[in-house]
Protein chains: 2
Amino acid sequence: MSPKAAARPGGRSARVQQAVHAAVRELQAEHGRAELTVPQIASRAGVTPSTVYRRWGDISELLSDVAVERLRPETPPADLGSLREDLEHWAVDFLEEMSSPPGRSYIRDALAGDPDGGNAGQCSAYAVEQVDTILDRATARGEHVPDTDTLMDHVVAPMMYRILFRPGLLDAQYARDLVTTVFYRLMPLP
Amino acid sequence: MSPKAAARPGGRSARVQQAVHAAVRELQAEHGRAELTVPQIASRAGVTPSTVYRRWGDISELLSDVAVERLRPETPPADLGSLREDLEHWAVDFLEEMSSPPGRSYIRDALAGDPDGGNAGQCSAYAVEQVDTILDRATARGEHVPDTDTLMDHVVAPMMYRILFRPGLLDAQYARDLVTTVFYRLMPLP
DNA sequence: CCACTAACGCAAACCTTTCGCTTTTATGTG
DNA sequence: CACATAAAAGCGAAAGGTTTGCGTTAGTGG
């Protein structure tokens with residue numbers, strides 16, 4: 001069902017998927033996302049519209065796939081020497097990227113064309129991965145660390161909630177304050 | 001722009017809006033949301049498709065409006081006699097309603113057809129209203145209460161995040177645990 | 001190297017969306 | 001209360017997007 005789990009992942013299928021994804025990114029950059037149409041995308045990618053409809057079902061599922069790709073972190077979180085600094089820095093970066101107009105669009109696209117929640121789950125998995133990297137490093141340093149889920153629930157979730165439902169209440173200090181709350185209130189004491 | 005802020009809210013416009021909304025609800029119940037089409041909706045509502053397109057722009061904005069309407073709380077939160085009980089009961093109810101398949105659909109519909117975030121903001125405003133009702137009652141009883149934003153950030157946001165991004169990690173106990181965390185860790189001490 | 005079949009291209013049928021114009025009807029004013 | 005004004009709805013046609021069946025191409029495994 002999902003285009004990600006293609007039964008025949010090599011060769012032409014892979015080329016078509018890459019070409020279509022690239023076409024979506026190009027056309028999104030040139031015109032708005034609102035004006036995207038499947039025939040335009042297909043033409044740019046050098047395939048026929050029916051190919052796109054067959055593989056993705058409709059345009060929102062295609063946009064969802066492309067959005068998830070763009071929300072994938074490109075680099076591991078910075079290592080600043082302490083858990084507190086790493087988390088604050090990562091949270092500020094995450095918030096800045098996700099709360100930007102393009103970031104919010106990608107998040108909403110990822111959610112919209114995603115009936116079974118697979119793509120949204122992938123977004124969350126990216127954040128878990130980044131957080132775990134920071135926590136593993138801190139553990140290796142011998143620091144006491146909070147649970148991954150504590151950070152997801154009380155740092156990531158509040159930021160995402162405000163991004164989606166309460167725009168206008170966001171700045172870097174908010175991200176830092178959430179990390180501070182985890183440190184002073186929610187972290188298991190040694 | 002938004003159909004909610006109609007320049008001419010009375011009479012025929014209001015009747016058309018009600019008829020269209022009712023048609024959407026009926027057709028959603030009869031067939032799936034995937035099979036909804038504007039001409040079907042218009043026909044059921046006794047208007048022409050062009051009327052729907054003119055007022056709502058496209059079908060996702062219409063679905064967003066209808067979804068927000070369905071997410072409006074119908075009753076104030078139950079008064080069980082204490083802040084703790086009121087919050088736990090409300091959180092469990094909220095989670096159950098929002099995490100159900102129809103609830104998740106409405107949330108995603110509300111987010112999808114909502115470029116400026118107005119409808120999503122309304123959803124959040126409903127939750128704020130319910131929480132404030134509980135907090136005001138507790139204050140009147142003389143209880144110490146947390147901030148509204150503390151509850152939004154650390155009870156509502158984690159639930160919504162899991163509903164949207166991490167389905168399958170949800171049960172009533174999770175809602176109660178979030179309230180417990182606020183009580184033992186995040187509430188200002190008297 | 002061959003058989004098998006998923007995936008693609010093509011084209012026709014169908015449906016959705018938009019546009020210009022006309023008609024209806026709230027709403028405010030004399 | 002009648003009238004003027006303009007917002008909103010109706011209508012039909014044209015443009016464009018979506019869906020589907022069938023033949024062909026080209027990965028994949030034996």
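The chains referred to below are lettered A, B, ... by the order of the sequence lines, with proteins before strands, and numbering in each begins at 1. Values below: every heavy atom of this structure, side chains too, minus hydrogens, waters and symmetry copies. Here the structure is a predicted model, which means the values were calculated and not measured.
- Defined by atom type and a distance below 3.5 Å, a donor-acceptor pair is missing between the side-chain atoms of A:S64 and A:D109.
- Counting only heavy atoms from C-beta on, A:R15 has its side chain closest to D:dG27 among D:dG27, D:dC11, D:dT18.
- For A:S50, counting side-chain heavy atoms from C-beta on, the closest listed nucleotide (D:dG10, C:dC10, C:dC8) is C:dC10.
- Comparing C:dA11, C:dC8, D:dG17 by their closest approach to the side chain of A:T37 singles out D:dG17.
- Going from atom CD of B:E35 over to atom P of C:dT16 covers 12 Å, rounded to whole Å.
- Side chain of A:Y53, nearest nucleotide from C:dG9, C:dT16, D:dT18: D:dT18.
- With no hydrogens or angles considered, no side-chain donor-acceptor pair links A:Q122 and A:R72 at under 3.5 Å.
- Atom CD1 of A:I41 is separated from atom C1' of D:dT18 by 13 Å (rounded to the nearest Å).
- As a whole-Å value, the separation of A:E61 CD from D:dT18 P is 13 Å.
- For A:Q17 and D:dG27, the CD to P distance is 15 Å, given to the nearest whole Å.
- Taking atom CD1 of A:I59 as the reference point, atom P of D:dG16 lies 17 Å away to the nearest angstrom.
- When the C1' atom of C:dT16 is taken as reference, atom CH2 of B:W56 falls 17 Å away, rounded to whole Å.
- When each of C:dG20, C:dT16, D:dT20 is scored by its nearest atom to the side-chain atoms of B:R54, the top-ranked nucleotide is C:dG20.
- Residues B:R84 and B:T180 bring a donor and an acceptor atom of their side chains to less than 3.5 Å of each other.
- For B:T48, a side-chain nitrogen or oxygen approaches OP1 or OP2 of D:dG10 to under 4.0 Å.
- Across all strands shown, A:P49 has no heavy atoms under 4.0 Å from either base or sugar-phosphate atoms.
- In the model, A:R185 has no side-chain atom that pairs as donor or acceptor with a side-chain atom of B:T181 under 3.5 Å.
- Rounding to whole angstrom units, CD of residue A:Q40 and P of D:dT18 are separated by 10 Å.
- With hydrogens and angles left out, the side-chain atoms of B:T133 and B:Q130 include no donor and acceptor closer than 3.5 Å.
- The phosphate of C:dG9 (OP1 or OP2) has no side-chain N or O of A:R55 nearer than 4.0 angstrom.
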